[in-house]
Enquirer: 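My structure is below; once you've seen it, I'll send some questions.
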Amino acid sequence: MITRKISWICALVGICLLVSTGCASRDERVIVDGDPVSVYSDAFTVAGLPVSDGPNGVREGAEEPVLDIDNADSGEIDTLMAAALLDLESYWKQAFEPAFGEEFKTGLGFVSWDAEAPRSAAVNFCGDSTYGHVNAAFCPPRDQIGWDRGVLMPALLDEFGPMAPVTVIAHEYGHYVQMLAGIDDEASPIVSEQQADCLAGNFIRWIAEDKGTYLQINTSDGLNTAVAALISARDSERGQSDHGTAFERAHAFETGFGNGPQRCASIDAISVDDMRDAMPPRFDNSGSIDTTPFSEGGLESVISSVEGFFALPPDVRPAVDTDARSTECPAIDTVGVEPPVAFCPATNTVSMDSSELESIATNGTSGPSGLPSLISGDFSAYSLVASRYSIAAQQARGQAIDQPVAAARAACATGQWARSTADAGTFTLRGGDLDELVSGLLISGAVASDVTGRALPSGFSRIAAFSAGYFNTDTGCSRYDP
């Protein structure tokens with residue numbers, strides 16, 4: 001008999017998630033006729049799906065979702081959760097057996113509560129009172145999923161939109177899938193959480209393919225908010241929990257979105273350690289996530305690092321002006337954005353406004369209940385310098401710099417440069433830097449933009465491009481070459 005340890009883990013600023021554990025196997029591949037085409041070859045696709053606009057959340061005109069939820073109030077949140085859970089059951093009924101070789105077993109119970117309700121109105125979930133618990137959780141001993149409809153879910157809904165609460169509950173449902181499949185028996189907390197993020201990505205992909213009865217999501221801002229919901233509950237202090245950094249959580253979700261459940265089951269301690277070996281240490285000596293404030297000296301170090309990395313010949317090497325960003329550039333029509341760093345091909349100059357860069361580095365924002373809608377820091381600013389310098393490098397190679405693929409190349413090359421700084425150099429990557437980068441890619445996308453400032457339309461694609469360069473420095477960016 002397997003005994004599972006249940007623990008409430010504070011994920012971030014009062015938000016807690018109940019976790020189980022997780023473990024291994026591989027996708028089966030089917031060989032088909034035809035010419036191979038990379039899912040990354042078109043900058044307007046997201047893991048093979050077209051970038052789409054449109055509504056997110058419960059479909060207009062959908063039937064009222066009917067689900068037995070203990071202590072429900074039939075309000076907006078519980079209606080959204082009922083729709084999500086019914087679609088989750090439909091998805092896993094058809095996806096579970098092909099992936100794991102067993103029939104999917106239903107029978108979950110569901111509990112809703114209001115964390116702001118008086119103690120006398122609290123209910124029990126997983127043996128504990130829900131009074132004051134701002135949580136969403138899976139309870140293995142009782143086969144239950146529960147959520148706070150009073151604080152947590154409304155905060156996610158208000159800050160990120162309807163697919164944010166859906167993604168959180170899909171993550172918790174992922175823990176249930178782990179338990180049924182037997183892939184969580186020996187896994188460490190971080191492996192379990194990475195698998196659950198990945199399994200949530202499986203489900204959201206199914207919804208993005210327009211297969212849900214109740215839910216719909218577009219692959220631009222809808223998908224961005226799904227990822228944003230996960231990274232809002234990143235680990236920011238040692239011992240706080242082990243849900244992973246924002247970068248790790250986004251990467252796991254993207255893995256699930258682009259692959260099947262078996263790929264999620266293959267996430268194990270070795271793959272997590274391999275990924276972490278490629279990343280800077282997450283925490284400093286005090287146990288906080290390791291980062292450094294923006295400074296003029298830091299900017300100079302970054303410029304030196306970027307110039308050394310790209311190593312362009314003197315005759316094509318761009319000039320770098322840190323005194324002011326050029327506002328006029330012949331033959332370049334910008335798209336109405338004025339980023340703090342720009343490349344002008346006519347003068348072959350990368351220019352920047354250091355005061356604007358400093359503002360970007362210090363303007364992190366928090367939404368309701370302290371959820372970070374933008375994680376900012378020095379790397380939010382420094383990565384823009386690398387990105388715009390990479391546009392100059394593309395021009396030096398004779399590549400088009402005003403096309404979407406140029407935006408993808410810029411993000412990818414920034415990833416290559418970032419990886420080169422992870423160990424040593426004039427600028428050294430720190431633990432919080434990749435989280436800042438992921439958040440910036442979701443919110444603005446300036447790092448993944450062409451010379452005119454046009455960003456890739458999907459934050460998901462922006463992160464994928466950066467990751468391609470970061471994790472495969474030799475050939476990862478070749479997917480964006482003609």
Side-chain angles (χ1 to χ4, degrees), residues 37-47 50-51 219-220 224 306-307 309-313 316-320 325-352 382-420 437-438 440-482:
V37 177
S38 169
V39 297
Y40 301 99
S41 61
D42 183 349
F44 287 94
T45 65
V46 182
V51 176
T219 53
S220 50
N224 292 357
V306 167
E307 289 178 329
F309 174 77
F310 286 99
L312 296 177
V316 293
R317 185 182 304 149
V320 178
R325 176 181 51 80
S326 175
T327 56
E328 294 184 5
C329 183
I332 289 295
D333 294 325
T334 61
V335 292
V337 295
E338 294 187 357
V341 187
F343 171 64
C344 179
T347 61
N348 197 27
T349 302
V350 176
S351 62
M352 63 199 74
Y382 297 152
S383 57
L384 291 172
V385 177
S387 169
R388 296 308 85 189
Y389 201 98
S390 78
I391 295 291
Q394 291 184 51
Q395 176 175 262
R397 293 192 295 266
Q399 295 173 311
I401 58 175
D402 60 351
Q403 301 296 321
V405 71
R409 290 193 199 110
C412 195
T414 303
Q416 290 177 314
W417 165 74
R419 177 64 179 273
S420 76
L437 188 282
V438 166
L441 286 171
L442 285 173
I443 300 300
S444 74
V447 167
S449 63
D450 67 10
V451 70
T452 70
R454 243 187 319 263
L456 293 178
S458 166
F460 190 98
S461 297
R462 300 167 199 160
I463 295 171
F466 176 86
S467 298
Y470 189 90
F471 289 109
N472 188 352
T473 56
D474 293 333
T475 61
C477 296
S478 63
R479 64 185 65 184
Y480 303 113
D481 290 335

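Everything numeric here is computed off the predicted structure, so don't read it as measured data.
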Enquirer: Is it the case that the side chain of R454 and the backbone of P404 share a donor-acceptor pair, with hydrogens and angles ignored and the cut-off at 3.5 Å?
Expert: no
Enquirer: Can you tell me how far the CG atom of L456 sits from the OG atom of S220, to the nearest 0.5 Å?
Expert: 12.5 Å
Enquirer: Please find the pair of heavy atoms, one from R462 and one from S444, that lie closest to each other, and give the distance.
Expert: NH1-C, 3.9 Å
Enquirer: To the closest 0.5 Å, what do you measure between CZ (R409) and CD (Q403)?
Expert: 9.5 Å
Enquirer: Can any side-chain N or O of S390 pair as donor or acceptor with the backbone N or O of S387 at less than 3.5 Å?
Expert: yes
Enquirer: Are the side chains of V451 and Q395 in touch, meaning some heavy atoms are under 4.5 Å apart?
Expert: no
Enquirer: So which atom in A410 and which in T414 form the shortest heavy-atom distance, rounded to 0.1 Å?
Expert: O-OG1, 2.7 Å
Enquirer: Identify the heavy atoms of L312 and A396 that sit nearest to each other, and give their distance.
Expert: CD2-CB, 4.3 Å
Enquirer: Are the side chains of F460 and T219 in contact, using a 4.5 Å heavy-atom criterion?
Expert: no
Enquirer: Of T347, I391, V350, which meets side chain to side chain contact (heavy atoms under 4.5 Å, CB included) against P318?
Expert: V350
Enquirer: What pair of heavy atoms forms the shortest contact from A408 to A465, and how long is it?
Expert: O-CB, 3.7 Å
Enquirer: Where the side chain of N348 meets the backbone of V316, is there a donor-acceptor pair that is under 3.5 Å apart?
Expert: yes
Enquirer: Hey, is the main chain of T45 close enough, under 3.5 Å, to the side chain of S461 for a donor-acceptor pair?
Expert: yes
Enquirer: Just wondering, do P339 and M352 contact through their side chains at under 4.5 Å, heavy atoms?
Expert: no
Enquirer: Please list all pairs meeting ring pair (Phe, Tyr, Trp, His ring centres under 6.0 Å) that have one or both residues in residues 382-409, counting only residues at least two apart or in different chains.
Expert: F294-Y382, F310-Y389, Y382-F427
Enquirer: So how far is it from Y470 OH to S420 OG, rounded to the nearest 0.5 Å?
Expert: 9.5 Å
Enquirer: Could you tell me which non-hydrogen atom of C477 sits nearest to which non-hydrogen atom of A413, and how far apart they are?
Expert: SG-N, 3.9 Å
Enquirer: Checking side chain to side chain contact (heavy atoms under 4.5 Å, CB included) against S383, which of V341, V447, L441 comes through?
Expert: V447
Enquirer: Could you check whether any side-chain N or O of N224 sits under 3.5 Å from a backbone N or O of G459, counting only pairs where one atom can act as donor and the other as acceptor?
Expert: yes
Enquirer: Out of curiosity, R325 CZ to T349 OG1, how far, rounded to the nearest 0.5 Å?
Expert: 14.0 Å
Enquirer: How close do Q416 and T473 get, counting heavy atoms only, and between which atoms?
Expert: NE2-O, 2.8 Å
Enquirer: Does a donor on one side chain and an acceptor on the other come within less than 3.5 Å for T475 and N472?
Expert: yes
